[in-house]
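Data first, discussion second: the structure below is written as structure tokens.
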Amino acid sequence: SVSQPPLLESAGMEPPADPVDDSEYDPGLSEVYSDVRFRRAMSLALDRETMNEALVLGLGRPAQVAPRPGTPFYEEGMEESYAEYDPEGAMALLEEMGMVDSDGDGWRERPDGEPFTVKFDYFVITGASTPGTELVKRYWEDVGIKVEVKQSDVGYWWGTLMTNNINEVTTWWLAGSNANMLQDWFLGPSMLVPLWNRYTTYMDSPDISEEDWETVLQYVPEWQREMQDLRNALKAEPDPDKRIEIGTQMWRLQAEWLPIIGIATDTRSPLVISADIGNVEMAEELNYNYITVMEASEGWFFKNPARRSP
């Protein structure tokens, strides 16, 4: 059997019905990924100018994940947060963490001395998905971080990898789609970080025991608790000025702690859709164009079906 993060028995949690071979929970990996110095190092290791040219024909603007300038949540410095190409600075942060190549094989070990490999599982959303992932692999390996890339089927990714709480890195190459802080996949209680997600999922549960709640808290850093609390407040706050204050603080936390690492913004993503197809334009509001096209085509319909009859 494989080891899993502690189950919350009072909440009725059960282990995955079909655990996969690489789903064993490893506290040593969690220690690395939870260290903000690692996330900052991985951000500094990326050459965004080159990636912008290679992936989106130079049509975007290299930047960290941040609100666009001129929008209410934006503050100067958010786009630039750890976004410069500084491999030397990245390596200095890794050294500070204690991630060094102790055995001379060219790859950095974890602070506890165990081998370290970033498992980078992804599925294709846009044309930038595969070449972008390969570029990230190259830049991270340039600073001594071994990366194992694997493209997964979308059904396997959601149905198996997510439910097994895999120790992994992932990417969503959304080709410049706007970031919406109310979407479940972005910031706050991200579905991409199951142990963090427990905080919001069970914070108001009448069934969870005090012991299980303490277990939840030990896996959720204080800054992430604040981000999730702010996200819930943003949903409920009717006052526009207070919403801007709440949202701006969420973005400050993103800029400081980097739960998500961005590459470029203001990119162009042409998408040609027949005016006769329904249930596609609704994706515009959430910037779900590619996700809708690639994963939800079963929801399309013809507005004038008679014109399509044989």
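Quick caveat: nothing in here was measured; it's all calculated off a predicted structure.
Residues Phe38 and Val118 form a side-chain contact, since some pair of their non-hydrogen atoms from C-beta on lies under 4.5 Å apart. Here the side chains of Met42 and Tyr139 are not in contact, with every heavy-atom distance at 4.5 Å or above. Taking 4.5 Å as the limit, every side-chain heavy atom of Gln249 sits out of range of all side-chain heavy atoms of Glu245. Between Glu109 and Glu114, the closest side-chain pair of non-hydrogen atoms is not below 4.5 Å. At least one side-chain heavy atom of Phe120 sits less than 4.5 Å from a side-chain heavy atom of Trp140.
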Exercise for review: Carefully, step by step, assess Asp121 and Lys150 under the rule salt bridge (charged side-chain N to carboxylate O under 4.0 Å, His left out).
Suggested key: CA-CA 5 Å; Asp121 290 53; Lys150 183 173 69 175; 3.6 Å; yes
Exercise for review: Could you give me the CA-CA distance, side-chain angles and deciding distance for Met97 and Arg110, then say whether side-chain contact (heavy atoms from CB on, under 4.5 Å) is met?
Suggested key: CA-CA 9 Å; Met97 287 178 61; Arg110 300 184 332 196; over 6 Å; no
Practice item. Go through Thr117 and Glu148 one step at a time and tell me if the side chain to side chain donor-acceptor pair (under 3.5 Å) criterion holds. Key: CA-CA 7 Å; Thr117 300; Glu148 179 185 304; 5.7 Å; no
Review point. Would Met203 and Asn232 count as a side-chain contact (heavy atoms from CB on, under 4.5 Å) if you check the C-alpha gap in whole Å, the side-chain angles of each, and the deciding distance to 0.1 Å?
Key: CA-CA 11 Å; Met203 65 187 306; Asn232 290 335; 3.7 Å; yes
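Considering only residues two or more places apart in sequence or on other chains, Leu59 meets the side chain to side chain contact (heavy atoms under 4.5 Å, CB included) condition with Leu57, Arg268. When the side-chain hydrogen bond (donor to acceptor under 3.5 Å, both in side chains) test is applied to Asp101, no partner is found at least two apart in sequence or on another chain. For Arg61, the side-chain hydrogen bond (donor to acceptor under 3.5 Å, both in side chains) partners two or more places apart in sequence, or in a different chain, are Glu79, Asp266. With sequence neighbours left out, Trp257 forms a ring pair (Phe, Tyr, Trp, His ring centres under 6.0 Å) with Trp223. Asp204 meets the side chain to side chain contact (heavy atoms under 4.5 Å, CB included) test with no other residue; sequence neighbours excluded.
Other residues, nucleotides and ligands contribute at most 12 non-hydrogen atoms within 6.0 Å of the CD atom of Glu210. Shown here is Glu9, whose CD atom has no more than 12 heavy atoms of other residues, nucleotides or ligands within 6.0 Å.
Residue Ala83 comes nearest to Ala63 through the heavy atom pair CB-C, 4.5 Å, listed as atom of the first residue, atom of the second, then distance.
Counted by atom type alone, Tyr202 and Asp212 present zero donor-acceptor pairs between their side chains at under 3.5 Å. Between the side chains of Thr200 and Gln228, at least one donor-acceptor pair of N or O atoms lies under 3.5 Å.
A donor-acceptor pair under 3.5 Å links the side-chain atoms of Thr133 to the main chain of Ser129, judged by distance alone. Remark: side-chain polar atoms of Asp112 are not paired, donor with acceptor, to backbone N or O of Gly28 under 3.5 angstrom. Panel note: side chain Asn52, backbone Ala264; no donor-acceptor pair is recorded below 3.5 Å. The backbone N or O of Gly262 lies less than 3.5 Å from a partner atom in the side chain of Gln64, making a donor-acceptor pair. At least one donor-acceptor pair under 3.5 Å links the side chain of Arg108 to the backbone N or O of Val143. Of the possible donor and acceptor atoms, one in the side chain of Lys137 sits under 3.5 Å from a partner among the backbone N and O of Val147. Of the possible donor and acceptor atoms, one in the side chain of Thr215 sits under 3.5 Å from a partner among the backbone N and O of Glu211.
Contact check on Glu75 versus Arg252 returns a salt bridge, with a Lys/Arg side-chain nitrogen under 4.0 Å from an Asp/Glu carboxylate oxygen.
The side-chain hydrogen bond (donor to acceptor under 3.5 Å, both in side chains) pairs that include a residue from residues 80-92 are Arg40-Tyr82, where partners are two or more places apart or lie in different chains.
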